[in-house]
Q: 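I'd like to ask some things about the structure below.
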Amino acid sequence: MAASLDTTCCIVGGGPAGLMLGYLLARAGVDVVVLEKHADFLRDFRGDTIHPSTIDLLGELGLKDAFLRLPHTEVTTLDVVIGGNRIRPVDFGTLPASGTRFLALMPQWDFLNFIAAEAARFPNFRLITGADVTGLLREGGRVRGVSARRDGEDVAVRAVLTVGADGRGSIVRRLAGLPVQHFGIDVDVLWFRLPRPADAPATLGYFDGSTLVLTIPREGYYQAGMVIRKGSYGAIQESGLAAFRERIAKTAQPVASVVDSLTSWGGIKLLTVQVDRLTRWHGPGVLCLGDAAHAMSPAFGVGVNFAIQDAVAAANRLAPLLASGRVTRRDLAAVQRRRLLPVRIIQPVQLQLHRRIAREGAGLTIPNPLPPSVRFALRFVLPVARRVMARVVGRGIRPEHVSAGLRSQFESVGGLRHD
């Protein structure tokens, strides 16, 4: 006989959107079950950037100080090297002093463990790991939860609302039959680790006209990546590992001394980049958030933060309704309307950047040394660009905050932060 659980909100996926929504709802007194198909969060090659808007949100929740005690790297500016020219297009120091003015780099598993631990403080929050969702439960034309397999046994989780926060390969959105629009994307990313040379300057990426190498700092090493044309990994492998190392060293010369640490293809992982968006994020009794609703590319590192913003918008709108056990499609549609504008703005920008990078023999490049006219133009353009990019990347298009209504609900049920 299958085990059965009853809850108010069943969230499928223990990523940033799922855990943040679970935390917010549980703190507001809503009974929540989060199903995560893996046994833990210890998986590499995931988004590591926690943007100022998310850190400010943690401050609103009383979690910022505890979060910043975790190992992390604070980045106040983002440099790129284009054709040998070092350029600083983003300066978070230009953001208002009332908020966070840096970006935190932290392995995503540490961030997820942190949110899960904070959510576990509330007795109405349950995280069930190793639970692989196999179907949706339906009743009267509505989704009423999910069926799953865990430890070889069937589990049924019945809920008022089911949330798909299970990423770009979302089983919830597939089973719910939600319509999706796929956008053509011309690149993939190869991820790998490199030791951090002691004298290497802090640099987010190196462009040389045909290749982009990313160098994301972690504790003691770089989480590095190379952007490649989609479908070209096989040809890169055929050319040999030595040629691959040489390509990295040519584009990102400061790491040339450490590329020999790549001794096999086993340490190089292919991330298939996709950008898509549901045209409708919801159905009767079901809602998708984060990558399940709008898969982002790695460009600008916004995926984690968009997912969290989705969760906040959903909690602001739905927590009072879930407390009474009634959520309508109109309410779910309101969440989509709230979050659709930022997605519609950033995804075309990502697509345009990828198309430019993927252009054979072109890509992103500028002359070196810079002609006087270009140097003159950059003197005027860059200060403005730094402010604009800090705002767009650091704060987002429509940053979400804990609403007065949700905060009042925290207080009414005793869901206050307690150190």
Side-chain angles (χ1 to χ4, degrees), residues 5-36 41 50-51 53-70 99-100 106 108 110-129 145 157 159-165 287 289-290 304-327 331-332 334-335 338-339 399-419:
L5 295 174
D6 291 306
T7 188
T8 303
C9 183
C10 174
I11 300 171
V12 179
L19 284 178
M20 180 57 73
L21 179 61
Y23 169 84
L24 292 170
L25 293 181
R27 185 165 167 174
V30 177
D31 194 75
V32 181
V33 170
V34 177
L35 302 178
E36 167 55 45
F41 303 122
I50 309 299
H51 289 203
S53 59
T54 298
I55 299 173
D56 285 342
L57 172 67
L58 294 175
E60 295 177 28
L61 296 169
L63 304 177
K64 180 177 178 178
D65 290 344
F67 167 76
L68 292 178
R69 285 194 291 270
L70 298 174
T100 301
M106 176 185 294
Q108 192 176 130
D110 286 342
F111 178 70
L112 295 179
N113 280 325
F114 172 74
I115 298 299
E118 291 295 333
R121 294 173 178 266
F122 304 105
N124 48 320
F125 175 87
R126 285 173 286 180
L127 170 63
I128 301 176
T129 58
V157 182
V160 174
L161 175 66
T162 300
V163 176
L287 172 69
L289 299 173
V304 170
N305 302 278
F306 266 62
I308 290 170
Q309 300 289 320
D310 286 359
V312 176
N316 283 339
R317 175 79 185 200
L318 302 178
L321 304 170
L322 286 168
S324 64
R326 290 188 60 83
V327 175
D331 299 314
L332 302 181
V335 176
R338 173 74 188 178
R339 295 303 305 155
E400 303 290 346
H401 301 277
V402 178
S403 68
L406 184 57
R407 191 176 299 278
S408 176
Q409 197 168 341
F410 289 166
E411 295 172 355
S412 68
V413 300
L416 299 175
R417 161 72 179 165
H418 43 96
D419 290 310

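Please read all numbers here as calculations on a predicted model, not as lab measurements. Along the sequence shown, residues carry numbers from 1.
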Q: Roughly how far, to the nearest 0.5 Å, is the CD1 atom of I55 from the CG atom of L68?
A: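 Rounded to the nearest 0.5 Å, the CG-CD1 separation comes out at 6.0 Å.
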Q: Do L58 and I115 touch side chain to side chain, with heavy atoms closer than 4.5 Å?
A: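 Yes, close enough: below the 4.5 Å cut-off.
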Q: In the structure I gave you, are the side-chain heavy atoms of L406 and V312 within less than 4.5 Å of one another anywhere?
A: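 Sidechains of V312 and L406: no contact.
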Q: Do M106 and F67 have side chains that approach each other closer than 4.5 Å (heavy atoms only, starting at C-beta)?
A: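 The answer is yes, as the side chains (C-beta and beyond) meet within the 4.5 Å cut-off.
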Q: P16 versus L112: any side-chain heavy-atom pair under 4.5 Å?
A: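 Yes, at least one pair of side-chain atoms sits under 4.5 Å.
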Q: To check you understand the geometry: which heavy-atom pair defines the closest contact between A313 and V335, and what is its length?
A: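 Scanning both residues completely, I find the closest heavy atoms to be O-CG2, 4.5 Å.
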Q: CD1 of I50 to CG of L57: how many Å apart, nearest 0.5 Å?
A: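 If we round to the nearest 0.5 Å, I50:CD1 and L57:CG are 11.0 Å apart.
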Q: Is the backbone N or O of V402 less than 3.5 Å from a side-chain atom of E60, with the two atoms forming a donor-acceptor pair by type?
A: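 Such a contact is found between E60 side chain and V402 backbone.
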Q: Judged by atom type as modelled, is there a donor-acceptor pair below 3.5 Å linking the side chain of S412 to the main-chain atoms of Q409?
A: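 Side chain of S412 to backbone of Q409, a donor-acceptor pair under 3.5 Å: yes, one is there.
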Q: For the CG atom of L25 and the OG1 atom of T8, what is their distance to the nearest 0.5 Å?
A: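 That separation rounds to 9.0 Å.
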Q: Which heavy-atom pair separates C9 from L322 by the least distance, and what is that distance?
A: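 In terms of heavy atoms, the two residues are closest at CB-CD1, 4.4 Å.
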Q: Is any side-chain heavy atom of L24 closer than 4.5 Å to one of L61?
A: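 Yes, close enough: below the 4.5 Å cut-off.
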Q: Any side-chain heavy atom of L321 sitting closer than 4.5 Å to one from L161?
A: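 In short, these two side chains do not touch, never coming nearer than 4.5 Å.
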Q: Is there a donor-acceptor pair closer than 3.5 Å between any side-chain N or O of D31 and the backbone N or O of T7?
A: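 Looks like no, no N/O pair under 3.5 Å.
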Q: Indicate the atoms forming the closest heavy-atom contact of A119 with F125, along with that distance.
A: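 Where A119 meets F125 most closely, the heavy atoms are O-CB, 3.4 Å.
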Q: Show the nearest heavy-atom pair for residues E36 and G13, with the distance to one decimal.
A: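 What the structure gives for the nearest pair is OE1-C, 3.9 Å.
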Q: Any side-chain heavy-atom pair from L287 and L318 closer than 4.5 angstrom?
A: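 They are in contact (side-chain heavy atoms under 4.5 Å apart), so the answer is yes.
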Q: To the nearest 0.5 Å, what is the distance between OG1 (T162) and CD1 (I11)?
A: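 Result: 10.0 Å between the selected atoms.
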Q: Answer yes or no on whether R27 is positioned over the face of F122, meaning its NZ or CZ is under 6.0 Å from the six-membered ring centre and within 45° of the axis.
A: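 Verdict for F122: no cation-pi partner in R27.
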Q: Which of these, V32, V33, L35, sits in a side chain to side chain contact (heavy atoms under 4.5 Å, CB included) with R126?
A: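 Single side chain to side chain contact (heavy atoms under 4.5 Å, CB included) partner of R126 among V32, V33, L35: V33.
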Q: Taking the side chain as C-beta and beyond, is there a heavy-atom pair between L70 and F111 under 4.5 Å?
A: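 Answer no - side chains too far apart.
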Q: For the backbone of H401 and the side chain of N316, can you confirm whether one donor and one acceptor N or O come within less than 3.5 Å of each other?
A: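 Yes, the answer is positive, given that a donor and an acceptor are paired below the 3.5 Å cut-off.
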Q: Closest approach of L289 and A17, non-hydrogen atoms and distance?
A: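 Shortest heavy-atom separation between L289 and A17 comes out as CB-CB, 4.5 Å.
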Q: Could you pull out the closest heavy-atom pair between F41 and A116, with the gap in Å?
A: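 Closest pair (atom of F41, atom of A116, distance): CE1-CB, 4.1 Å.
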Q: Look up atom CE in M20 and atom CD in E400, then write down how far apart they are to the nearest 0.5 Å.
A: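 Going from the CE atom of M20 to the CD atom of E400 covers 12.5 Å.
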Q: Just by distance, do the side chain of N305 and the backbone of T54 share a donor-acceptor pair under 3.5 Å?
A: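 Checked: no pair found.
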